[in-house]
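Single-structure report; data block below.
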Amino acid sequence: MKLKIILLKDMAQLQDENIEEEKVVTRKKSVKSSDDPLLAFLSGIKGLSDTMKKRVVKVLSTEGIIDPRGIKALTQKELENLPGISEATASLLRDQFEAKSESSIFLSLEEREELETVREKIKTGSKALDTLLQGGVPTGCFVELYGAPQSGKTQMCYSLAANTLLPEDFGGLDSGVIWLDTEGSFSSQRLKQVLSYYEYTYNIPKGTLNTNRFMVAATRTLAQIEQAVKEAGKIIPKNKVKLLIVDSLMDPFRSEYGGLGELASRQKHLNKFLHSLMRIAEAYDLAVVYTNQVMANPDPFATAMDKVQPVGGFVLGHASDIRLWLRRATSKIRNQYDAPHARRALITDCGWLPQNECHFSLGAFGITDVEEEANHRKLALELESGIETPVEEDEEDVQTEFVKL
Ligand SMILES: Nc1ncnc2c1ncn2[C@@H]1O[C@H](COP(=O)(O)OP(=O)(O)OP(=O)(O)O)[C@@H](O)[C@H]1O
Ligand SMILES: [Mg+2]
């Protein structure tokens with residue numbers, strides 16, 4: 001009881017009166033616990049009293065930061081703006097982070113190469129596409145999938161999510177996924193259908209695949225998407241998240257900022273949001289994959305490749321490490337492989353990969369190779385009795401909370 005009173009006193013200082021008793025006890029335990037990573041991190045700071053450290057832990061956890069890496073994801077200014085964190089405390093936190101960081105600012109070529117090669121690669125479902133990307137989607141990077149409607153952007157996200165969840169023995173990362181659904185197009189049935197293919201291929205008993213690390217949030221407004229990114233700070237370390245999907249990125253920005261008059265403000269907001277995502281990607285070494293819509297380029301002299309452009313302007317163009325343009329394959333390819341759903345993926349911009357193209361297909365089990373589409377069609381028919389047909393789900397209120405699969 002005594003401890004509870006102390007904690008309540010701390011909370012009063014934080015002007016937070018809405019915490020239930022149960023949460024107080026939970027926090028009390030974790031603050032005391034030596035394996036609380038945040039408290040362990042703070043314990044090394046000499047200039048902070050124990051009460052102040054508890055206060056900082058409380059403030060950071062209410063801001064969705066339960067891991068020291070979350071501090072790295074905030075700028076000095078963002079830290080200072082947190083309630084109860086002064087400029088001096090924010091500096092102490094950042095200094096401690098730098099002191100704890102094992103790597104120095106400057107790296108030799110070998111050290112840098114080592115850092116890049118330890119990046120994990122998320123498989124796409126198509127071997128051709130994995131080869132194009134030199135192994136798959138690398139963690140720590142921003143990957144933009146753009147293309148016309150039906151080009152396969154969302155389907156690729158399902159396959160990437162499935163391959164992140166899969167155990168390492170089956171080519172997966174055995175890691176968590178966060179999906180921000182800004183268009184209301186996410187379907188849990190569809191992800192389960194894609195997963196059912198891997199269950200079948202690797203002989204995994206149905207329902208035993210761990211999908212608890214998959215979290216989805218309906219984020220139709222910019223306020224919701226920003227709130228979700230903030231809350232993701234709690235989920236990422238807990239679920240060992242290695243993939244953050246935003247499907248689609250520009251939709252809420254385009255709907256909330258209308259007309260040319262608001263373009264500058266929109267781009268400023270987009271830039272700020274992308275930087276917050278970049279810091280998360282770097283701090284937790286996770287891949288950020290976002291889908292993007294396209295617009296026609298009115299320039300009559302534009303080349304075939306430039307006739308269609310992703311929206312988001314230069315701000316988004318500079319942020320994306322890999323830009324992939326998805327579109328339907330030519331009828332020649334579709335007929336050649338008996339693959340009516342064949343698509344093309346072209347790397348239009350990447351700092352380390354050449355502008356190159358490959359083909360892949362869409363099917364019942366997500367992304368596959370064009371050569372496999374016909375086989376997958378047959379397999380889907382065979383397994384049809386085992387695969388639940390998608391059911392219409394009741395319209396739910398838009399929420400910012402993450403829900404499990
Ligand atoms: N259950 C399924 N079985 C087989 N193919 C499917 C299935 N669900 C979707 N597809 C394929 O995926 C296509 C839609 O692709 P996707 O949802 O990725 O489009 P998108 O590029 O995200 O488009 P938008 O811009 O409208 O969101 C469909 O045209 C169909 O070919
Ligand atoms: Mg889509």
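All ligand and atom numbering here is 1-based and tracks the order in the structure.
Close contacts between ligand 1 and A148 involve ligand atoms 21 (O) [criterion: under 4.0 Å to a heavy atom]. Less than 4.0 angstrom separates some heavy atom of A364 from each of these atoms of ligand 1: 3 (N), 4 (C). Below 4.0 Å from some heavy atom of S151 lie the following atoms of ligand 1, by number and element: 19 (O), 21 (O). Short contacts between ligand 1 and Q193, defined as distances under 4.0 Å to a heavy atom of the residue, involve ligand atoms 1 (N).
Screening V288, V137, T291 for a side-chain contact (heavy atoms from CB on, under 4.5 Å) with V143, the sole residue that qualifies is V137. For the pairing with E282, the salt bridge (Lys or Arg N to Asp or Glu O under 4.0 Å) check across R69, R119, K72 returns one residue only, K72.
Note on ligand 1: G147 sits outside its first shell, no heavy atom being nearer than 4.0 Å.
For atom 8 (N) of ligand 1, the choice among R190, Q293, E373 with the nearest heavy atom turns out to be R190. Residue Q150 holds the heavy atom nearest to atom 23 (O) of ligand 1 of all those in E183, Q189, Q150.
Coordination check, Q155 versus the Mg ion (ligand 2): failed, since every N/O/S atom of the residue sits at 2.8 Å or beyond.
Ring-plane geometry between Y202 and F170 is classed as parallel, the angle between the planes falling under 30 degrees on a 0 to 90 degree scale with a further cut at 60.
With hydrogens and angles left out, the side-chain atoms of Q76 and S91 include a donor and acceptor closer than 3.5 Å. Side-chain contact of R343 with Q155: a donor-acceptor pair under 3.5 Å is absent, judged by distance alone. H269 and E262 share no side-chain donor-acceptor pair at under 3.5 Å.
Two rings, from F142 and Y290, have their centers less than 6.0 Å apart.
The distance criterion of under 3.5 Å between nitrogen or oxygen atoms is met by G152 with respect to ligand 1.
Using a 4.0 Å cut-off between heavy atoms, T154 contacts ligand 1 through both its backbone and its side chain.
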